[in-house]
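Sharing a structure, written as structure tokens. Questions coming.
Counting from 1, the numbers follow the sequence of the chain as shown. Both backbone and side-chain heavy atoms feed into the values below; hydrogens, waters and symmetry mates do not. None of these values were measured; they are calculated from a predicted model.
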Amino acid sequence: ELAMHKSLGRTSVSAILVIGFMLSGCSTSVHLTRDFDKKAVQSTSIKEVTIRAKHLSGATRRVLSNLKGAILARLPKAAPSSKSPANLDVLVTRANFSNSTSRLLIGAFSGMDRLHVSVTLKDANSNKIITSFNVNGDYNPGGLGTFATPEKYTANNVADAIVNKLYGTD
């Protein structure tokens with residue numbers, strides 16, 4: 001009976017560790033910083049995407065490159081000539097990522113991967129702001145994050161939120 005109790009104890013501890021390793025959580029939130037005129041936004045076609053980083057945001061060139069590539073890949077490809085040209089300015093305000101070693105060793109407990117951005121859509125001719133909003137991407141892929149590139153994964157999710165807000169159905 002004592003041996004069975006020890007075995008159950010080890011099994012419970014092992015199960016808790018596996019669950020902690022695998023545990024993951026994701027959230028992407030969009031916060032408007034001005035009125036969102038869906039019709040005005042959707043009558044635009046983005047001609048230029050600029051990605052910048054706020055001083056001390058933690059963003060690296062790789063993060064900026066991943067984010068720009070992810071946004072460009074998600075934008076509507078061919079826009080009718082009747083659409084107004086617009087420029088998209090994305091300012092990274094916070095970026096921090098867990099490394100794969102800590103992700104492997106302690107899984108979900110290694111912390112969140114964060115990519116927070118401020119997005120501004122401007123008329124390309126007048127430079128007038130059409131809309132602006134913030135996107136906060138907070139992801140914890142758990143132990144599964146060991147097999148992913150956190151900067152790329154997080155940039156892809158933030159890019160999805162940006163393009164969906166501008167041209168999606170939300």
Which pair of non-hydrogen atoms, one from K38 and one from G168, has the smallest distance, and what is that distance?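 K38 and G168 have their closest heavy atoms at NZ-O, 3.1 Å.
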Are the side chains of V92 and L115 in contact, using a 4.5 Å heavy-atom criterion?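 A side-chain contact exists here, since the closest heavy-atom pair is under 4.5 Å.
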Side chains of V158 and V90, heavy atoms from C-beta outward: is any pair under 4.5 Å?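 SC-SC contact between V158 and V90 ruled out.
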Would a single hydrophobic cluster contain both L121 and L75, if residues Ile, Leu, Val, Met, Phe, Trp and Tyr are joined by side-chain heavy-atom contacts under 4.5 Å?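 L75 and L121: one cluster.
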Could you report the tightest heavy-atom contact between K47 and N87, atom names first, then the distance?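 For K47 and N87, the tightest heavy-atom pair comes out as CB-OD1, 4.3 Å.
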L91, I162: one ILVMFWY side-chain cluster at the under-4.5 Å cut-off?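 No, separate clusters.
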So does V49 get a backbone contact from the side chain of K68, meaning a donor-acceptor N/O pair under 3.5 Å?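 Present.
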Shortest non-hydrogen contact between S57 and A53, atoms and distance: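 Closest approach of S57 to A53, heavy atoms only: OG-CB, 3.7 Å.
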Closest contact, heavy atoms only, L67 versus A159: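 That would be CD1-N, 4.3 Å.
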Under the side chain to side chain donor-acceptor pair (under 3.5 Å) test against H116, which residue among D138, N96, N134 passes?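 Exactly one option meets the side chain to side chain donor-acceptor pair (under 3.5 Å) with H116, and it is D138.
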I'd like to know if the side chain of T44 pairs up with that of Y167 as donor and acceptor (distance under 3.5 Å, no hydrogens or angles considered).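 T44 vs Y167: donor-acceptor pair found between side chains.
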Go through the structure and list residues passing side chain to side chain donor-acceptor pair (under 3.5 Å) with T93, not counting sequence neighbours.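 Checked T93 against side chain to side chain donor-acceptor pair (under 3.5 Å); zero matches.
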Do the side chains of N156 and R74 get nearer than 4.5 Å, heavy atoms only?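 The answer is yes; the side chains approach within 4.5 Å.
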Output yes when a side-chain donor or acceptor of K83 lies under 3.5 Å from a complementary backbone atom of Q42, and no otherwise.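 Yes; at least one donor-acceptor contact below 3.5 Å.
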N66 side chain near Y153 side chain, heavy-atom distance below 4.5 Å: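 A side-chain contact is absent here, since even the closest heavy-atom pair is not under 4.5 Å.
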Can V41 and I130 be said to form a side-chain contact (heavy atoms from CB on, under 4.5 Å), step by step? CA-CA 7 Å; V41 170; I130 299 167; 4.0 Å; yes
With side chain to side chain contact (heavy atoms under 4.5 Å, CB included) as the test, pick out the partner of L88 among V119, T120, V163, T50.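 Filter result, single survivor: V119.
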Considering only heavy atoms from C-beta outward, does the side chain of T60 approach that of V63 to under 4.5 Å?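 The answer is yes, as the side chains (C-beta and beyond) meet within the 4.5 Å cut-off.
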